[in-house]
Amino acid sequence: MKRVALISLNGGVGRTTIAAALARVTAERVRSVAIDFDPQNTLGLHLGVPVGEPRGLSDPKFGGPDLVELLRALQPDVPFVPFGRATRAQVSELTRTVQNDPRWLSARLEGLLPSGSELLVIDTPAGRNPWSDQVADLADAVLVVLGADALSYANLADTENLLEELSATRAGSQRAVGFLINRLDPRRPLSRDVRAAFGQALGDRLLSVALYEDESVREAVAERQTAVRYAPHSQFVAGLHEVSAWLIEALA
Ligand SMILES: Nc1ncnc2c1ncn2[C@@H]1O[C@H](COP(=O)(O)OP(=O)(O)OP(=O)(O)O)[C@@H](O)[C@H]1O
Ligand SMILES: [Mg+2]
């Protein structure tokens, strides 16, 4: 089983949206499961799950049969493991647990994942935190999501530092890393300039495909579907097919 983690320094750049849609697209080729490893518990919203679904991996009593039951009841666009609704106190406690046990997620997923799972697409909170640290340790590939804006560009050096810090936790083993621009608006000169500047700075670490700013992505959430189902012919979804192909090749 392979694992890809989506990370970014800045919040709100589209990690969760992309994690959901990428898992959905990649599921056409390999058995994929999306994992919500972010206490915000929002991944399910992109997969057709009602707001406030309480069950998930943050609850120690939630096990494999519960997940099978949940997936059967909710029929998400792609199999996924929700984080679950947790109180502030529960999140604080779990944060400490995760910090002290670098293998927490691996152990937690054992016996929880649908049988035959081949690829895990793991969503994380923005920035450096115990959740992203832990995921970086397990990931065979890391997809760094960048906004097509001046803020993401200004933070590129810090993003590189974040990646280096995360990589340091996985001494000795190789891992694929790709940077992906999201919300590109090719009509705007600034958006085009930022893409060119990222290209110069990152070279072939920047995926040649960028995902466009697309109204249908927001509409899809409102319709409780991935964009893959809601707007299969959008540029966003066409781009995701290319990201999926990059990922499968990177993991081969
Ligand atoms: N390509 C896109 N076109 C239009 N809207 C987008 C696109 N990608 C993401 N969005 C919108 O941007 C918002 C933030 O997306 P998302 O929650 O996926 O970001 P995130 O990086 O996971 O945020 P957070 O840091 O809060 O976890 C959402 O409203 C989503 O619908
Ligand atoms: Mg998110």
Side-chain angles (χ1 to χ4, degrees), residues 4-25 34-49 51 53 56-58 76-78 80-86 91 95 120-132 134-135 142-149 151-152 155 158-159 162-163 166 178-188 190-192 194-195 198 207 209-244:
V4 56
L6 282 90
I7 68 161
S8 71
L9 185 67
N10 304 114
V13 292
R15 290 180 320 284
T16 305
T17 307
I18 295 169
L22 180 61
R24 174 68 184 76
V25 163
I35 312 286
D36 192 351
F37 200 45
D38 181 344
Q40 286 189 87
N41 193 29
T42 55
L43 182 67
L45 301 182
H46 296 266
L47 294 168
V49 174
V51 180
E53 167 56 46
L57 58 81
S58 59
D77 275 7
V78 68
F80 88 114
V81 180
F83 185 85
R85 195 174 54 207
V91 171
T95 306
L120 304 185
V121 181
I122 310 175
D123 186 24
T124 64
R128 181 159 192 194
N129 50 67
W131 314 89
S132 55
Q134 174 139 146
V135 162
V142 172
L143 198 55
V144 184
V145 182
L146 303 166
D149 52 54
L151 182 68
S152 273
N155 281 333
D158 286 340
T159 300
L162 170 73
L163 195 59
L166 295 178
F179 288 74
L180 173 65
I181 297 174
N182 185 31
R183 308 192 74 160
L184 181 78
D185 185 346
R187 291 166 308 178
R188 291 176 197 259
L190 179 64
S191 202
R192 294 197 304 269
V194 167
R195 183 185 195 178
F198 276 133
L207 269 66
V209 62
L211 302 176
Y212 285 14
E213 170 74 31
D214 192 328
E215 183 62 21
S216 67
V217 174
R218 282 186 294 273
E219 289 169 6
V221 182
E223 294 296 324
R224 300 226 187 103
Q225 294 175 6
T226 53
V228 184
R229 184 127 77 97
Y230 180 76
H233 304 296
S234 59
Q235 191 283 339
F236 181 80
V237 174
L240 274 167
H241 281 279
E242 287 186 51
V243 178
S244 173

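One-based numbering, in listed order, for ligands and for the atoms of each. Just the heavy atoms: all of them, side chains too, but no hydrogens, waters or symmetry mates, feed the values below. The structure displayed is predicted, hence computed values, not measured ones.
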Could you list which atoms of ligand 1 come closer than 4.0 Å to a heavy atom of [X]?
X      : value
Gln40  : 24 (P), 26 (O), 27 (O)
Gly11  : 25 (O)
Phe236 : 1 (N)
Tyr212 : 1 (N), 2 (C), 3 (N)

### Query
With sequence neighbours left out, what residues match Tyr212 under ring pair (Phe, Tyr, Trp, His ring centres under 6.0 Å)?
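Partners of Tyr212 by the ring pair (Phe, Tyr, Trp, His ring centres under 6.0 Å) criterion come out as none, since no residue qualifies.
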
Please check if the side chain of [X] supplies one atom and the backbone of [Y] the other of a donor-acceptor pair under 3.5 Å.
X      : Y      : answer
Asn182 : Leu180 : no
Ser58  : Phe83  : yes
Asp123 : Asp36  : no
Asp185 : Glu213 : no
Arg183 : Val13  : no
Thr124 : Phe37  : no
Ser152 : Asp149 : no

### Message
Minimum distance, heavy atoms only, to atom 23 (O) of ligand 1: which one of Gly14, Gly127, Gly12 is it?
### Response
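The option holding the nearest heavy atom is Gly12.
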
#### Entry: Of the listed options Arg15, Arg183, Gln235, closest to atom 11 (C) of ligand 1 (non-hydrogen atoms)
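Looking at heavy atoms only, Arg183 sits closest to atom 11 (C) of ligand 1.
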
### Query
So what's near the Mg ion (ligand 2), protein N, O or S atoms under 2.8 Å?
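Listed by chain and number, the nearby protein N, O or S atoms are Thr16 OG1.
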
### Query
For ligand 1, is there an N or O atom under 3.5 Å from any N or O atom of Asn182?
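Checking ligand 1 against Asn182, an N or O pair does fall under 3.5 Å apart.
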
Provide, to 0.1 Å, the distance between [atom] and the closest protein heavy atom, together with that atom's residue and name.
atom                    : result
atom 3 (N) of ligand 1  : Asp214 N, 2.9 Å
atom 31 (O) of ligand 1 : Arg218 CG, 3.5 Å
atom 22 (O) of ligand 1 : Thr16 OG1, 2.7 Å
atom 30 (C) of ligand 1 : Thr17 OG1, 3.7 Å

### Task
List for me each residue that meets side chain to side chain contact (heavy atoms under 4.5 Å, CB included) alongside Thr226, sequence neighbours excluded, and say none if there are none.
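For Thr226, the residues satisfying side chain to side chain contact (heavy atoms under 4.5 Å, CB included) (neighbours in sequence not counted) are Ala20, Arg24, Leu47, Asp77, Val228, Arg229.
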
### Query
Tyr230: what forms a side chain to side chain contact (heavy atoms under 4.5 Å, CB included) with it, not counting sequence neighbours?
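Tyr230 satisfies side chain to side chain contact (heavy atoms under 4.5 Å, CB included) with Ser216, Glu219, Ala220, Glu223, Gln225 once adjacent residues are dropped.
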
### Message
When you measure from atom 28 (C) of ligand 1 to the protein, is at least one non-hydrogen atom found at a distance under 4.0 Å?
### Response
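Under 4.0 Å from atom 28 (C) of ligand 1, zero protein heavy atoms found.
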
#### Entry: Within 6.0 Å of CZ in Arg192, more than 12 heavy atoms from elsewhere
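More than 12 heavy atoms, drawn from other residues, nucleotides or ligands, come within 6.0 Å of this atom.
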
### Query
What distance separates Ile7 CD1 from Ser132 OG, expressed to the nearest 0.5 Å?
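Spacing of CD1 (Ile7) from OG (Ser132) equals 7.0 Å.
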
